[in-house]
Structures are given as C-alpha cells and as structure tokens.
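We count residues from 1, following the sequence as given.
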Amino acid sequence: MELLGDITPDRPLLVLAVKEEAQFLDTSLPVLLTGIGKVNAATALATALARGPRPTGVVNLGTAGALRAGWTGTHVVGTVVQHDLDGEALARLTTGETFGAPISLPDGGDVVLATGDAFISDEASRARLAERAPLVDMEGYALAAAAELAGVPLRMVKHVSDEAGAGADRTWRESVAACSRELADWAAAHIPAYRL
C-alpha cells in the first residue's frame, strides 16, 4: 500500500493496483496504490478510509482482461461480482445467509466485471467466466465492498489490457503503459478537480 498525496474531504481519491497503471497520471489528487489482489485492495482502501478524512468519493482506475471477443477500450463498470467465491455453497452450509452478492455501482452502465484472485490466462477459465461477465480483474469487487461498507461512493473504470486467454501475462506487460495513458486521459476528461 502506498498513498501519494493527502486525502481531503473536498476531493476524490484515485485508487489503482500498481504503479505501472498509474505511471501517466498527472494530478494533484491523492493516489492510493493498493497492490495486486482482493486482500491487498480491500485492506489498503479500508485502511485509507478509516484513517480519515474521507474523500468525496473513490475512483478506481485499472486494467482488465476481456472475456468476450470484441471487448476493447475503456469501460465504466456498473456491477461487480466475485468469480472465485461460491456464494451458493456457502449459503447452503450456513443459515442461508448470502455471501459475496453482486454489487451495483452508481454511475455505471451495464458492464459487469468479475473479480478474483487468479490471473486468467487460459481458455477454459476465460470461457467459463465469459458466461457471467465481459471483463475480469483482481481488485474491483474488494474495492467496491470496502467503499460500500464505509459509505463512500465509488466509480470504477477499466481499460482492456489483454484477452484473458493464453499469453495474457505477456500481453499485460506489453500493454500496461498504453493502458495507463488511456486511463490518465479518461481521468483528466471525467474527474472534477483532476488538476488544481
């Protein structure tokens, strides 16, 4: 976890997983780098929000793999799901309580993002997940859960870095700089007070 800048109650907090995704941000807004995966994402954001003061909102910028053919570019996420938590089995094992239900995000469209602690780079996993969502990442659901619990609005923006199939790890490394530039351009055009 690394916080660049100071969180204030009059500005949003930008949240990204790694510095490679943030390399072209040119902003006076605070930036939180959480690290990769759901645990890192949730604990970093929860810690930053608990320390106070709280920002006006959180904007998660990051890369995502495309689970379906033809998905490219930048997308505002409307719903996040966990693909590596079997909520139905857990409900059967417990008193029927639901765990890990989908989270709807304000200002999002109909784009669904599946989050899990596995980097999807094989065709079988890609095909299975494509039935639930067009995009996949490793932090989104955790960030949405932490922000929801804290009562802080969250906007999630993902730029497609790879096709979440064979060779995705190589593709991500080769495309992350271009993705970072696209995310920085999106932030400059859509986040109020991006530069003060």
Side-chain angles (χ1 to χ4, degrees), residues 1-18 21-22 25 27-64 74-88 90-91 94-117 132-133 135-159 183-184 186-196:
M1 172 181 152
E2 182 178 3
L3 178 62
L4 309 170
D6 296 318
I7 299 173
T8 60
D10 59 336
R11 304 183 304 167
L13 170 64
L14 305 182
V15 177
L16 300 95
V18 292
E21 293 175 327
L25 290 178
T27 181
S28 61
L29 295 177
V31 175
L32 176 65
L33 302 174
T34 66
I36 295 173
K38 292 191 303 184
V39 171
N40 286 330
T43 56
L45 183 56
T47 299
L49 294 176
R51 286 180 181 162
R54 293 203 175 161
T56 58
V58 171
V59 180
N60 169 230
L61 303 168
T63 56
T74 304
H75 303 274
V76 178
V77 175
T79 304
V80 288
V81 299
Q82 290 186 85
H83 69 74
D84 60 353
L85 178 72
D86 190 343
E88 291 176 14
L90 292 174
T94 63
T95 59
E97 184 179 352
T98 300
F99 295 92
I103 299 174
S104 296
L105 302 174
D107 300 326
D110 57 357
V111 175
V112 178
L113 175 73
T115 297
D117 277 323
R132 297 180 65 193
L135 300 175
V136 64
D137 84 337
M138 297 178 70
E139 297 83 26
Y141 188 94
L143 295 171
E148 182 178 66
L149 188 61
V152 176
L154 171 78
R155 191 166 197 197
M156 188 171 295
V157 179
K158 299 294 177 175
H159 189 82
L183 290 167
W186 186 94
H190 294 92
I191 299 175
Y194 180 74
R195 293 180 56 78
L196 294 176

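In this model, a donor atom of one side chain and an acceptor atom of the other lie less than 3.5 Å apart for Thr74 and His159. Thr115 and Asp137 share a side-chain donor-acceptor pair at under 3.5 Å. Thr63 and Glu21 share a side-chain donor-acceptor pair at under 3.5 Å.
Nearest heavy atoms, Leu135 versus Ala64: CB-CB, 4.3 Å. Residues Arg54 and Val152 approach most closely at CD-CG2, 3.8 Å, considering heavy atoms. Closest heavy-atom contact between Leu25 and Ala187: CD2-CB, 4.5 Å. Across all their heavy atoms, Ala147 and Leu49 have their closest contact at CA-CD1, 4.4 Å. Residues Pro12 and Val59 approach most closely at CB-CG2, 4.5 Å, considering heavy atoms. Gly140 and Met156 make their closest contact through O-CE, 3.2 Å (heavy atoms, listed as atom of the first residue, atom of the second, distance).
Under the 4.5 Å side-chain criterion, counting only non-hydrogen atoms from C-beta, Glu148 is not in contact with Leu154. With a 4.5 Å cut-off on side-chain heavy atoms, Leu105 and Val77 count as touching. Side-chain contact check for Ile191 versus Leu29: some heavy-atom pair is nearer than 4.5 Å. The closest side-chain heavy-atom distance from Asp6 to Pro30 is not below 4.5 Å. With a 4.5 Å cut-off on side-chain heavy atoms, Met1 and Thr47 count as touching. You'll find the side chain of Lys158 reaches within 4.5 Å of the side chain of Leu113, heavy atoms only. At least one side-chain heavy atom of Leu4 sits under 4.5 Å from a side-chain heavy atom of Glu2. In this structure the side chain of Val18 reaches within 4.5 angstrom of the side chain of Ile36, judged on heavy atoms.
A distance of 9.0 Å separates OG1 in Thr56 from CG in Leu13, rounded to the nearest 0.5 Å. Note that CG of Leu14 is 10.0 Å distant from CG of Leu32, once rounded to the nearest 0.5 Å. We find the OG1-CE distance between Thr34 and Met138 to be 10.5 Å, quoted to the nearest 0.5 Å. With values rounded to the nearest 0.5 angstrom, Trp186 atom CH2 is found 6.5 Å from Leu61 atom CG.
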Verdict with reasoning, Val15 to Leu45, per side chain to side chain contact (heavy atoms under 4.5 Å, CB included): CA-CA 8 Å; Val15 177; Leu45 183 56; 4.2 Å; yes
Dump the intermediate steps for side chain to side chain contact (heavy atoms under 4.5 Å, CB included) on Val157 and Leu183, then the final yes or no. CA-CA 8 Å; Val157 179; Leu183 290 167; 4.3 Å; yes
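For Asp10, the CG atom is densely surrounded, since the number of other residues' heavy atoms within 6.0 Å is greater than 12.
A donor-acceptor pair under 3.5 Å links the side-chain atoms of His83 to the main chain of Gly116, judged by distance alone. The backbone N or O of Gly57 lies less than 3.5 Å from no partner atom in the side chain of Arg11, so there is not a single donor-acceptor pair.
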